[in-house]
Amino acid sequence: GSVAVANAQEAGKGRLGRHWETPKGSALAFSLLLRPQIQPENASMLTLVAALAVSRAIDEYAGIKTQIKWPNDAVVDGKKICGILTEMSTEEDSIRYVVVGIGINVNTESFPPEISDTATSLKLSLGHELKREPLIGAVLKSFEQYYSRFMEYGDMTGLMDEYNEMLANRKRQVRVLDPHGSYEGMALGIDKEGCLLVKREDDSVSAVISGEVSVRGIYGY
Ligand code: ATP
């Protein structure tokens, strides 16, 4: 339950070694240290729990309609406002700890050219600045609630419906960028393992596991 917050971050990272921008003084960058007693293979679902908590907190604190791009991005106006990275350390078959890193674009005014079309901030969406402290408070409060619901089952059973309501990809055409072969289909929602169910052209349903796979909306996020 410890939380580390940084005012600036020089080497922020996303999945698969991608870079995460955290301009000094304008964004939120914080990490939660957790020691859940669950199976290590279920720990990646904590990314979805965090995405739900951030989206709910932004909705409530800033009054902005926030959606989730599976598995872990919070999206406002079709652009990414928050990134989440979950990493874990294991010992034999049990979890030593999990670190959930969260970056939220709060008062950021501009982004490097390579992400300026896909990134936004609360300030850009609202037209005015917001204090960062109450937002981190709101995220932690909602995370605590969702985390305890997650721990009741050790999976997304109790959170699935709420997550699916916020899912930007739901009932949308998506392209699944699988290293073993890309395909398109309609995203139906997540299952209790947090996999994205995608209905393919032949009507079969694939359960997409996060990790190596990226999902792109055919028309924006
Ligand atoms: P994918 O969309 O392929 O699933 P991802 O959403 O999992 O990728 P992350 O690892 O969460 O990607 O985030 C890294 C990516 O986010 C970078 O490659 C960059 O394009 C973008 N990015 C970096 N910094 C920011 C930021 N401050 N705001 C929005 N987007 C950013």
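Atoms within each ligand, like the ligands themselves, are counted from 1 in listed order. The basis for the numbers below is simple: all heavy atoms, side chains too, and nothing from hydrogens, waters or symmetry mates.
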When clusters are formed from ILVMFWY side-chain contacts under 4.5 Å, directly or step by step, what else is grouped with Y97? L33, V99
Could you tell me if any non-hydrogen atom of A119 lies under 4.0 Å from any atom of ligand 1? yes
May I ask whether K69 has any heavy atom positioned less than 4.0 angstrom from an atom of ligand 1? yes
Examine the side chains of D77 and T120 and answer whether a donor and an acceptor come within less than 3.5 Å of each other. no
For atom 17 (C) of ligand 1, state which one of H19, Q9, R15 supplies the nearest heavy atom. H19
Output yes when a side-chain donor or acceptor of N169 lies under 3.5 Å from a complementary backbone atom of W70, and no otherwise. yes
Check each atom of ligand 1 against the heavy atoms of [X] and keep those under 4.0 Å away; list them by number with element.
X    : answer
D73  : 6 (O), 11 (O)
R18  : 1 (P), 3 (O), 5 (P), 7 (O), 8 (O), 12 (O), 14 (C), 18 (O)
N105 : 26 (C), 27 (N), 28 (N), 29 (C)
G14  : 10 (O)

Compare all side-chain heavy atoms of M186 with those of V198 and state whether any distance is below 4.5 angstrom. no
Considering residues, nucleotides and ligands other than E87, do more than 12 of their heavy atoms fall under 6.0 Å from its CD? yes
R56 to Y146, cation-pi by 6.0 Å centre distance and 45° axis angle: no
